[in-house]
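A short worksheet on the structure shown next.
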Amino acid sequence: MTAIEARPEPVQHVEGWSPASWQERTALQQPTYRDADALAATQAELSRQPPLVTSWEIFELKRQLAEAQEGKRFLLQGGDCAESFADCESSIISNRLKVLLQMSVVLVYGLRLPVIRVGRFAGQYAKPRSADNETIDGISLPVYRGDLVNEPEFTAAAREPDPRRMIKGHARSAMTMNFVRALIDGGFADLHRPEYWDLDWMRHSPRASEYQQMVAAIGEGVRFMETLSGTPIHNLNRVDFFTSHEALLLPYEECLTRQVPRHWGWFNLSTHFPWIGARTAGLEDAHVEYMRGIRNPVAIKIGPAVGGDALMRLIDRLNPHDEAGRLSLIHRMGRGKIESALPPLLDRAKREGRRVLWVADPMHGNTESTANGTKTRRFENILGELELAFDLHAAAGTRLGGVHLELTGENVTECMGGARDLNEADLARAYHTRVDPRLNYEQSLELAMLIVRKRGAASRV
Ligand code: PEP
Ligand code: CO
């Protein structure tokens with residue numbers, strides 16, 4: 001038990017809120033379930049099923065996020081844009097975990113800060129879309145909203161929202177969590193040693209010698225710590241791993257919203273760290289209503305159109321008591337917009353003295369389509385937005401406390417650029433994502449090294 005848990009909590013409550021109060025608001029991006037009885041039966045079943053995380057893990061993450069707000073930790077949040085049920089498979093899960101852990105080792109040694117590791121997985125199954133329907137050759141069908149809702153194939157049967165998929169999603173999330181926890185508890189220690197990493201790609205980069213020096217320094221650091229402690233660093237520094245997903249499908253989230261003994265209030269026990277997407281961030285709408293009442297740490301995506309007043313109202317609504325660790329703001333502006341859109345928000349939040357963790361998502365403002373309609377992102381734009389984010393925070397006297405990335409441990413070709421300089425023609429080779437393009441293993445590791453390079457440089461200024 002942590003110290004936080006041992007202290008008796010004064011009972012509080014959130015005025016006018018219940019796990020179902022979102023239903024009185026406008027809920028965007030929800031499917032239309034045609035069979036109301038099937039939905040009700042599914043929700044009754046889901047509400048009895050065990051939770052996926054515990055309240056003490058949630059408190060621990062909140063404590064760590066509070067430290068990140070003070071500059072004592074750095075958040076690494078990453079994973080698929082959309083998980084699929086088919087990808088709930090051992091190698092995909094372990095490769096994704098591997099790249100996240102390796103990135104975190106790079107960040108720990110490079111930034112000299114503990115890293116909070118949060119996966120975008122074990123529940124990242126529901127997606128916001130730009131339209132409710134998709135029309136091909138005159139046939140119009142409901143859009144694919146993620147595996148928690150329907151299937152991607154363009155047939156009426158596949159696109160029909162099926163509430164039973166929530167039961168499947170819950171089960172797959174549990175399997176993913178179980179496997180991740182087992183890997184973390186057991187055999188992943190070697191991942192701390194760069195000599196076991198796949199670093200072949202570095203040879204293709206003009207920065208190869210710089211990367212090699214960094215990797216050598218990390219290796220030295222790990223060995224030094226192990227010699228000092230006489231144990232593998234894995235045991236020395238038992239890794240915590242947390243999960244997150246966009247809390248989009250509210251009938252699902254409601255069923256996993258539970259009370260626990262000895263604590264007041266309600267917890268979303270489907271994930272440690274739910275977030276509100278940019279498309280469902282309306283102050284009076286259902287997603288903000290739902291999230292204001294749960295006790296988890298929560299995040300909200302902030303796009304370039306959000307103004308200072310709107311931001312302050314969201315902060316007030318989601319964290320009225322200015323609780324430490326409660327609220328993270330994930331800005332996702334785009335490389336072309338961040339310089340004009342971000343500074344006024346940083347100034348405003350700073351001026352009003354609000355406690356938030358600023359996190360950069362350099363993915364979602366940098367999506368583009370190639371001439372043949374393939375969605376992609378350029379590594380240089382992702383890196384460029386991230387570098388600007390560090391600079392803009394430094395100039396504003398605020399702190400960039402984390403990054404939010406879409407990545408996979410597989411060798412996909414979805415984003416262009418990086419050390420191997422993937423181009424448009426390469427995209428067709430291994431383009432597997434169902435929604436947004438992800439950084440592959442090599443691009444992810446390279447980005448972690450470039451963050452260290454940037455942060456190292458920033459702290460010397
Ligand atoms: C996402 O994170 O996949 C997403 C849809 O992002 P945003 O809400 O920032 O557009
Ligand atoms: Co995405």
How close do [X] and [Y] get, counting heavy atoms only, and between which atoms?
X: Gly78; Y: Leu100; result: O-CD1, 3.5 Å
X: Leu447; Y: Leu383; result: CD1-CD1, 4.0 Å
X: Ala122; Y: Glu83; result: N-OE1, 2.9 Å
X: His272; Y: Phe242; result: ND1-CA, 3.4 Å
X: Trp358; Y: Ala349; result: CZ2-CB, 3.7 Å
X: Arg165; Y: Asn150; result: NE-O, 3.6 Å

With a 4.0 Å cut-off on N to O distance, would you call [X] and [Y] a salt bridge?
X: Arg295; Y: Glu323; answer: no
X: Glu195; Y: Arg193; answer: yes
X: Asp391; Y: Lys454; answer: yes
X: Asp316; Y: Arg292; answer: no
X: Asp147; Y: Arg434; answer: yes
X: Arg378; Y: Glu380; answer: no

> What salt bridge (charged side-chain N to carboxylate O under 4.0 Å, His left out) pairs are there with at least one residue in residues 392-409, not counting sequence neighbours?
Replying inline: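 Counting only pairs at least two positions apart or across chains, the salt bridge (charged side-chain N to carboxylate O under 4.0 Å, His left out) contacts touching residues 392-409 are Arg120-Glu406, Arg377-Glu406.
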Sidechain-backbone polar pair: [X] side chain, [Y] backbone, donor-acceptor under 3.5 Å:
X: Gln43; Y: Cys255; result: no
X: Gln124; Y: Ser244; result: no
X: Glu414; Y: Arg438; result: yes
X: Thr271; Y: Pro274; result: no
X: Asn440; Y: Val412; result: yes
X: Asp285; Y: Ala281; result: no
X: Glu385; Y: Met333; result: yes
X: Asn296; Y: Asn268; result: yes
X: Glu253; Y: Ala247; result: no
X: Gln259; Y: Trp264; result: no

Non-hydrogen side-chain atoms of [X] and [Y] separated by less than 4.5 Å:
X: Met177; Y: Thr243; result: yes
X: Arg258; Y: Phe267; result: no
X: Trp22; Y: Trp17; result: no
X: Val215; Y: Leu199; result: yes
X: Leu327; Y: Val298; result: yes

>> Run the side-chain contact (heavy atoms from CB on, under 4.5 Å) test on Ile330 and Ile300 for me, step by step, so that the C-alpha distance in whole Å, both residues' side-chain angles and the decisive distance to 0.1 Å come before the verdict.
In response: CA-CA 6 Å; Ile330 306 174; Ile300 186 164; over 6 Å; no
Considering only residues two or more places apart or on different chains, which pairs with a residue in [range] satisfy side chain to side chain donor-acceptor pair (under 3.5 Å)?
range: residues 171-181; result: Glu57-Arg181
range: residues 324-346; result: His331-His393
range: residues 297-314; result: Lys301-Asp361, Asp309-Arg348

Are a donor atom and an acceptor atom from the side chains of [X] and [Y] found within less than 3.5 Å of each other?
X: Arg279; Y: Gln29; result: no
X: Ser91; Y: Glu89; result: yes
X: Asp162; Y: Tyr33; result: no
X: Glu446; Y: Tyr211; result: yes

List for me each residue that meets side chain to side chain donor-acceptor pair (under 3.5 Å) alongside [X], sequence neighbours excluded, and say none if there are none.
X: Asn319; value: none
X: Glu387; value: none
X: Asn411; value: none
X: Gln23; value: Glu254

Rounded to the nearest 0.5 Å, how far does [atom2] of [Y] lie from [atom1] of [X]?
X: Leu439; Y: Leu407; atom1: CG; atom2: CG; value: 6.0 Å
X: Leu346; Y: Lys350; atom1: CG; atom2: NZ; value: 9.5 Å
X: Phe273; Y: Lys62; atom1: CZ; atom2: NZ; value: 11.0 Å
X: His321; Y: Arg355; atom1: NE2; atom2: CZ; value: 13.0 Å

Is it true that [X] and [Y] have ring centroids separated by less than 6.0 Å?
X: His404; Y: Trp275; result: yes
X: Phe85; Y: Tyr125; result: yes
X: His263; Y: Phe59; result: yes

> Would Tyr290 and Thr257 satisfy side-chain hydrogen bond (donor to acceptor under 3.5 Å, both in side chains), going step by step from the backbone distance to the final call?
Replying inline: CA-CA 10 Å; Tyr290 169 73; Thr257 304; 2.6 Å; yes
>> My understanding is that only residues two or more places apart in sequence, or in another chain, count here; which of them pass salt bridge (charged side-chain N to carboxylate O under 4.0 Å, His left out) with Arg25?
In response: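 With neighbours one apart ignored, the set is Glu284, Glu289.
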>> List the residues meeting salt bridge (charged side-chain N to carboxylate O under 4.0 Å, His left out) with Asp347, not counting sequence neighbours, and say none if there are none.
In response: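 Not a single residue meets the salt bridge (charged side-chain N to carboxylate O under 4.0 Å, His left out) criterion with Asp347.
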> Given Arg117 and Asp240, is the salt bridge (Lys or Arg N to Asp or Glu O under 4.0 Å) satisfied, shown in steps?
Replying inline: CA-CA 7 Å; Arg117 304 161 176 99; Asp240 285 319; over 6 Å; no
>> Quick one, Cys81 with Met363, criterion side-chain contact (heavy atoms from CB on, under 4.5 Å). Give me CA distance, side-chain angles, the key distance, then yes/no.
In response: CA-CA 10 Å; Cys81 178; Met363 312 297 293; over 6 Å; no
> Who are the side chain to side chain contact (heavy atoms under 4.5 Å, CB included) partners of Gln30, not counting sequence neighbours?
Replying inline: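 Gln30: side chain to side chain contact (heavy atoms under 4.5 Å, CB included) contacts with Ala27, Leu249, Leu250, Pro251, His287.
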>> For His170, give me all partners under ring pair (Phe, Tyr, Trp, His ring centres under 6.0 Å), at least two apart in sequence or on another chain.
In response: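 So His170 forms no ring pair (Phe, Tyr, Trp, His ring centres under 6.0 Å) with any residue.
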